[in-house]
Every structure is written in C-alpha cells, then in structure tokens.
Amino acid sequence: MKKYNPKKIEAKWQKKWYGSKVFSAQYSSRKRKFYLLVEFPYPSGDGLHVGHCRSYTALDIIARKKRMDGYNVLFPIGWDAFGLPTENYAIKKGVHPSIVTKKNTDNFRRQMKSLGLSFDWTREVNTTDPKYYKWTQWIFLQLFKNGLAYKAKIAINWCPSCKIGLANEEVVDGKCERCGTKVEKKDKEQWMIKITEYAERLINDLSSVDYLEKIKIQQKDWIGKSEGALIKFQVEGASEFIEVFTTRIDTIFSGTYVILSPGHAFVDKCKDKIENLEEVLAYKEKSKNISDIERTKEEKEITGVQLKGIFVQNPATGEKMPVWIADFVLEQYGTGAVFADAHDKRDFDMAKKYGIPLRTSIEPGDSSVADKVKNLEICFEGDGKLYNSMQFNGLTSDQARPMIISWLKAKGFAEPKTSYKLRDWVFSRQHYWGEPIPMIFCEKCGWQTVEEKDLPVELPKVKKYEPTDTGESPLALIQRWVNVKCLKCKGNAKRETDTMPNWAGSNWYYLRYIDPKNNKALADKKEVSYWMPVDWYNGGMEHTTLHLLYSRFIFKFLWDVKAVPKNVGSEPYRKRTSHGMILGEGGVKMSKSKGNVVNPDDVVKQFGADTLRVYEMFVGPFDQMIPWDTKGVIGVRRFLEKIYNLASDRGTVMNGSRDLKKHLHKTIKKVSEDILAMKFNTCVSSLMEFANAWQSSEDTLSRNDFADFLKIISPFAPHLAEELWQNSDFKGLCCMQSWPKTNKKLIEEEKVLLIIQVNGKVRDKIEVRANMIKEDAEKIALGSEKIKLLIAEKEIKKIIFVQNKLLNIVV
RNA sequence: GCCCGAAUGGUGGAAUGGUAUACACGCAACACUUAAAAUGUUGUGAGGUUCUCCUCAUGUGGGUUCGACUCCCACUUCGGGCACCA
C-alpha cells in the first residue's frame, strides 16, 4: 500500500501548475471576470509569516473555486518593497537595499509557491522597480498639476543625539529607539497631499460598496465629519479675530474664556501684547514634545497658561473673555482654538483649577441634577434646554443651534461650517529607500515638475543610507544628482531630495496588475475597463484607515483626471473583507523576542503544504484573532491521510452507496456556501464529517461521487486532490474541472427528528415524516408517554409549531 | 482618552431566535501487537442518580420572547488601531 507522501506529491504538482500557466488570467477575454486581490506583502527578511499564509490560502480557495465556476480569474501578487526595515538593514550591513529586496522577494516567492497558491506569477509587480515607480511618480505629478500637492511646515520627530529624523515607530516612550535620547519635534518643509478635499466623497461613496460594516464605521470615524459653526471672537483693542470651530454653538452664552492650542499662530502674532511672554513660550516649548494621544488623554492632568493682557469679546454676550493656551487643544482639529465653558468636562476642570469664571446655560433633562449643574458642582456635557441665553431661552439645543448661527451670522460673527478630523497627508520622508519625488526647485521660478519624458527619476547610488544630520535624506549629499538646470530659466536649480512614503506605491498597484508591462500608461484602458473594479479585496484591519483610505482617494483622483475609464466608477474595490491575526501559542503576539514565531517552511517540511493550508482554515473563524496550536496541526494531517488511504483502499464502483451520495451532496451545498461566506473552518469540519461517514459506513463511493468529492476538496488541499485525481485515471487537472452542482432532490429528507418541548424545555425527540402539518404533529406529541406524564392535568395554553423542527407545548 | 472587536468544556472552536458543546486536539478504557508506535472502537461540560433520567452551565446583572450563546439595556475583563512600521 502506498503511503501519503506530501513532500513528493506537492513538489510534483507545483511543477506542473507553475510550468503550464493554468493560473494565468487571460487578456482581452470575453469571459466573465473575477478580480481577487490580497494586500501585497512587505518582503521582510523574516520571510513569510503564518498569518500571510492564512489570508492568502483563504483567497486562494476563493480564486480556485471561482475558476471552477467558469470565471476568468485575476489573482495576482507583488511586493510592496520600499520601507524602513530594508533601509535599516542596509545601514547596518552596508548592502544596497535593492540587493536585500531581491533576496527577500526570492525567498517570499519560493515560500508562496511551496504552498501551492494559485497566483498569476506572470503579473508580479515590485514597487521598487523603476519601471513601476515611474508611474508612482507620474501620479504625483498629476496631483501637483491639479493643485492637490503643496509644501507646508510640519514637525518631524528629531533625535538630537543621532541627528536624524525618526519614524513614529522608532520613537519609544518619547525616546529614540537607538540611543534613548529624548526625541524633539523639528519643523520641516514637507510635501502635503490634499486628501481633505475628498473627505465628503470618501464618506458618501461608502454607501455604494460592500465593505464589512466595521470597516465602514472605522473609515467614517477616521474622516470624522462634524457639522458646526465658525465663530469669530474680536480681539480687544485690535482689528483681529480669533476663529473658533464649534459643534456646540448652543452653549455660546456660557462661554467665559477662549483656549488656543500651544502652536496656534495667534501666539506669535501678538507677542508684543502678551505680558507673560516667557511663561507662554516655555509652555509652548514643553508641549511640543508630547504626542497628541498623550495630550488628549483624560487621565492626564490639565495644564494651561493665560495670555496675560489679551482679551477677546464673546459675540453673543459682548463680554470680555480671557485667552489661555492648553495642550489638550490640538492644532490640527478645527481652527486649533476653542471657546470654553461649563458644559465641557476639560474646560470645566481647567477653569476650576485656575479659578477662571464659569457660567452655565444648558439645563439637563434629568431634573434631579439640574441644581448641581447650576451651582457648578458637576459638569453637564449633553444637550438640554437653554437658559441665560436671551431670546433663545427655553429652546432645546437642537432647535437653538441653527437659530443662533443665523443670528450671529447676521451680525457678521459666525457661519455654518463642516469640519473633519481627517488631515492632509504628509507625503515626504527623509529617507533613502523610497520613490524620489520628481520635483525641481529654482530660486527664481519656484517649484516645477520633472518632465514626463524624463520619468522615472531613478534613485541614485549612495555610499551611506542614513539620513543626514540636517534632517534631509542622504540624496541631498549627492551634488551631481541634486544640481540640475531649471526647465524655465535654465539657471541653477535643485532636485527635491525627500522621498515618498511607503503608501505611495501601494495606492495604485491593483491597476498595474491589470497590465504590468505597459510603458505608455499606468495600464491599458480597455483592460482596466474590463477588470476594474476589484471584485474582492482582503487585508488586515490595521490598514483600514491608512492604506485603504489613501488608495480609495488616489483612485478617485485618477478617475477624476480620466486616467482610468469612466465606466468603472470611482471606487476601486467592490468588496472588502479583513482577516484576524494569528497569535503565538498561548495567545500572545508572535515575535522574535518571545521566541514563539512559527515558520511556515518548518510546517511544510514536517506535515506538508496541504496540511498547513487546511489547518490554517480549520483553526477558527477567518475574521478573528486565533492562537497557533501545533497539536491541532496533527488532526488535519490525520484527516488528509484518511482520505488518501480511503481512496486507495476502498476504491470506487459504478453504482456506489446512496447514503454516501446523499451525504456528499449536503457537503457540496455546505462547502459551496461557506467558501463565499468565508466560513472556511466549517467547510473543513463538514469535509471531515463526510470522510468520517465514508470510513465508518464501509460502503463504496461511486466513481462520479468520488470525482465530485475531489473537486470540492481541491481548493483546500489542491495537491492531494490532483494526486488522487490522477491516480483514479480522471482526465485533465482537477483544478480545471467545473464545480459540482448540488442535487437538491437528493438532499431533501423523508424523515426528520421533531423536538418536543414543554415550556421551552426539550422533553422528547420523535422521528416523523418530513413536512408534517401542525395537527398531526400535535397528535403524535401528545401521544408520547413522556409528554403525557409531564403535562398530566395541567392546562395547555398554547402550542408553538415550527415545521420539521419542533413543537413547544406551553402549560 | 477615542474608535473597533472578543468572551461557550481541560484546549481551538460549532450553533445568528428553535436539540448548546458539531468538528478537532487532549485524556481514559478497549482491540490489534511479544512490546511499542501507528491505526481502529467506545467514552469524555459540571453535579446528582434508581443508569436514564433530573438539576445547573455560553464573562456579570437585568429585560424582550412560548423559547435567547444569538435581540435590547447596563457593566466587567481581555485584545487591536490611533495618522512617519508595513
């Protein structure tokens, strides 16, 4: 008897598949298309993570099923290869990042192929390939030409000891990861992209796509739309105003002071008038080095400094208000300034701490606390009824808001305004390993774009990969590359030396897969029009607010400037799902330092690729976090062996068992449905149940039924299915067959188990014929000895009947 | 802090208003064997028990319902994201 030998089988079938291009999507096809996308990985030196294996296997199963359903399937893969870890490795070892990238992508590719994933390897893309990033740069030029890219001063993390700019990740507890020095903020001119111009569309168009609800919620929340008003506070003794954005204009009559963020421009503007300037500047300096999350934490003690000598006027009451700065007010949100009153917890606490006067103007609905609110014993933050508010007294917050806005608007002090939490996108990095930004600066003529014919602007070779001690990227040191002639005046000009963030390349990669070799455009429009939008995109929840939002924005932009055809719509992804993480054994994150990293290579070696695939599907619900369990892998290996042995020992006959056929068709139905619902774990258990039934029945399957069984198991354990397909002398490849249809008549039951409940508790189970009506079921149930005993002389109040399921007698 | 998610046997989990604990791991007994491994068979939520029935059990407390792991309200604990990691 032959033994199940995955090592031999798997290598053999991988060679056949990848040699014959069975997984290649067809160009200019008339077939129905299905575009399945997985987030392309960052090819780190650690190799493929078992978490990659899980999500890729899951989508591979869908791709394989869709091919068997007759679709022209595009299931591509590539490398998102620009980024910090590769650069840091280059700095440490002095090896060029492109060499490291080549090594890592080779390893990832080998690992993916060893899992039998059905990627279309003819369409592989790499964001670090100049032929690819030519188009990433081209997109930047379009953004600039359309007024969506601009320069602004933005703070970077600066380590004064290493003299380099740091990524947020390299800042641990406010200190430099390498040397432990306290990190400072340093202002730097950076390229910004106006994603905020698309905020409204990015919210509204979510209604046209099929994303998991939690993904939509996160995106909406990230964009953070709020409707409110912009109010002007006149500065006393000056013609200036301080503008404040608020959603609570109903509380304007209780506003007693104004708070600015420490970085607010007004502080610099009125330096001469501030009596305690030194104190103010010291506070400003201190707050610079605290993160926004830290600043807005509720546990954090509230601090602030008054701008002595400065007062503004409350536009509603005409009263004089002092002006403070406090770090819990953020520069980026609204106008970076708020008016403060007793109806905001932090304003309330701050006023109590510093003895600033407070007033109330909103009465809570709960009258038991109304007095306490009025006496300033507690802070009430909700909506309520207005008082102390002149002609608006007695109105509810909701009624009052629009009325107060128009009243103040008439006086020239307010206007309605929509505000977003979403900020413009900082697009510059002071690093080597990224796409050069294709811009040239001339003292006389300003910023200008590199001409399209000169793209790509290739990354020049450098000797050292560290950022420079001025905070610029190492590109700034290469005079030959930096110094160019201005395109307009032919005078001396300099190239931009910052590079793009990692997100730049991943914004549009789904378009490049469609036509990866095109050197005239991002991709051929006919092909784009056929393939777009992506039918199903799966990725991690951690990418929901950044990559997913950025790439939606960029696609909308490309659509607006007609770089992609109109007919595909302005949303790149029709459906988005997300997978859960795989944790280490015991439920903690896998990490090198904990030594609990599972290497897929080891699992493949010990158990086989099919075992790894099926295990990762069986381990638990796809969208949830699941700990790895080496013991569980064994069960899956036993299952595959069982199938292999049953197939060889039992064989097939012309007319096999009818019971098994019936069970098989139930399994076909379950697996077909559960694949699309991403309930892979229950697919596997139903396949296991069938194998168990087959084994214990000692019956034989018909040849056709066995073929169907191999077909439905093939997306999960493709190598095993192919091998048994061939061993049984079936023609062609198993993965190229059409998916079996469920025989509906066959799975209809003649008899069902009827559950008899008394007062909702199960008291008996009786087998009856299917589709029995209520009256007949009642007779049978009441005839049961057990039930008779239980209801005895009690009065039957009600009988609930669910056909083919249960009968509940209420007494 | 804000946003999102989760909680069911010894363990991973199944059941989305109708038999709670499918499937798998582990454990125990038995069969095969000189023996072991492998494999197979049976059992396995807790407590009680006349051994086939009773009571209890899906993080906690309430509610809706003939019936709730499932829906609603309040809470507890754990995990993830928070804009320069990808």
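Naming convention: chains lettered A, B, ... in sequence-line order (proteins, then strands); numbering from 1 in each chain.
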Would you mind classifying the nucleic acid contact of [X] as base, sugar-phosphate or nothing, using non-hydrogen atoms under 4.0 angstrom?
X	answer
I217(A)	sugar-phosphate
I156(A)	base
K797(A)	nothing
R763(A)	sugar-phosphate
S428(A)	base
K679(A)	sugar-phosphate
D623(A)	nothing
E542(A)	base
L422(A)	base
L84(A)	sugar-phosphate
H543(A)	base
K214(A)	sugar-phosphate

Select one nucleotide: of [options], the one nearest the side-chain heavy atoms of [X].
X	options	value
V619(A)	G12(B), C25(B), C4(B)	G12(B)
T682(A)	C23(B), U19(B), A15(B)	A15(B)
Q430(A)	C84(B), G80(B), U19(B)	C84(B)
P621(A)	G13(B), C4(B), C23(B)	G13(B)
V810(A)	C66(B), C25(B), A83(B)	C66(B)
M688(A)	U19(B), A83(B), A24(B)	A24(B)
N502(A)	A86(B), G79(B), U19(B)	A86(B)
F618(A)	C2(B), A22(B), G12(B)	G12(B)
N157(A)	G18(B), A22(B), C84(B)	C84(B)
K631(A)	C3(B), G26(B), G81(B)	G26(B)

Could you check if a side-chain atom of F607(A) sits within less than 4.5 angstrom of a side-chain atom of V636(A), using non-hydrogen atoms only?
no

Starting at [atom1] of [X] and ending at [atom2] of [N], how long is that distance when rounded to a whole Å?
X	N	atom1	atom2	result
K194(A)	A83(B)	NZ	P	24 Å
W433(A)	A86(B)	CH2	P	13 Å
E189(A)	C84(B)	CD	P	18 Å
N759(A)	U55(B)	CG	C1'	16 Å
K805(A)	U19(B)	NZ	P	8 Å
L546(A)	C82(B)	CG	C1'	9 Å
Y42(A)	C84(B)	OH	C1'	14 Å
K761(A)	C54(B)	NZ	C1'	10 Å

Extract the stems that RNA chain B is part of, considering only consecutive pairing runs of at least three Watson-Crick or G-U wobble pairs, both distances under 3.5 Å.
B:1-7 with B:76-82, B:10-12 with B:23-25, B:26-31 with B:39-44, B:45-48 with B:53-56, B:59-63 with B:71-75

Nearest heavy atom decides the nucleotide; on that basis, is G760(A) or L583(A) closer to the 5' end of RNA chain B?
G760(A)

Gap in Å between the two [atom1] atoms, one belonging to [N] and one to [M], rounded:
N	M	atom1	value
U8(B)	C23(B)	C1'	15 Å
A22(B)	G43(B)	P	12 Å
G59(B)	G5(B)	C1'	15 Å
C53(B)	U58(B)	P	24 Å
A31(B)	C25(B)	P	22 Å
C69(B)	C51(B)	P	31 Å
C2(B)	A74(B)	P	15 Å
C73(B)	A20(B)	C1'	24 Å

Step by step, would you call W79(A) with Y509(A) a ring pair (Phe, Tyr, Trp, His ring centres under 6.0 Å)?
CA-CA 10 Å; W79(A) 319 108; Y509(A) 73 115; over 10 Å; no

Are [X] and [N] close enough that a side-chain N or O sits under 4.0 Å from OP1 or OP2?
X	N	value
R638(A)	U39(B)	yes
Q757(A)	U19(B)	no
N681(A)	A14(B)	yes
K670(A)	A22(B)	no

Report the relative orientation of the aromatic rings in F622(A) and F680(A); use parallel for angles under 30°, tilted for 30 to 60°, perpendicular for over 60°.
perpendicular

Fit a plane to each ring of Y537(A) and H547(A), take the angle between them on a 0 to 90° scale, and name the class: parallel (under 30°), tilted (30 to 60°) or perpendicular (over 60°).
perpendicular

Is the glycosidic torsion of G9(B) within 90° of 0, making it syn, or is it anti?
syn

May I ask you to verify whether the side chain of Q190(A) and the base of C84(B) hold a donor-acceptor pair under 3.5 Å?
yes

With hydrogens left out and only the distance checked, is there a donor-acceptor pair under 3.5 Å joining N808(A)'s side chain and the base of C66(B)?
yes

Checking side chain to side chain donor-acceptor pair (under 3.5 Å) for the pair T544(A)/Y211(A): CA distance, chi angles, key distance, verdict?
CA-CA 11 Å; T544(A) 301; Y211(A) 291 3; over 6 Å; no

Which heavy atom of L330(A) sits nearest a heavy atom of D327(A), and at what distance?
CD2-O, 4.2 Å

Heavy-atom closest contact (S55(A) atom, H579(A) atom, distance)
CB-ND1, 3.2 Å

With a 6.0 Å cut-off on the ring centroids, do F140(A) and F427(A) count as close?
yes

Using a cut-off of 6.0 Å, state whether more than 12 heavy atoms not belonging to K151(A) lie near its atom NZ.
yes

Are any of the side-chain nitrogens in K188(A) or D498(A) under 4.0 Å away from the carboxylate oxygens of its partner?
yes

Salt-bridge contact R576(A)-E39(A) (side-chain N to carboxylate O under 4.0 Å):
yes

Checking N692(A) against K642(A): is there a side-chain donor and acceptor pair closer than 3.5 Å?
yes

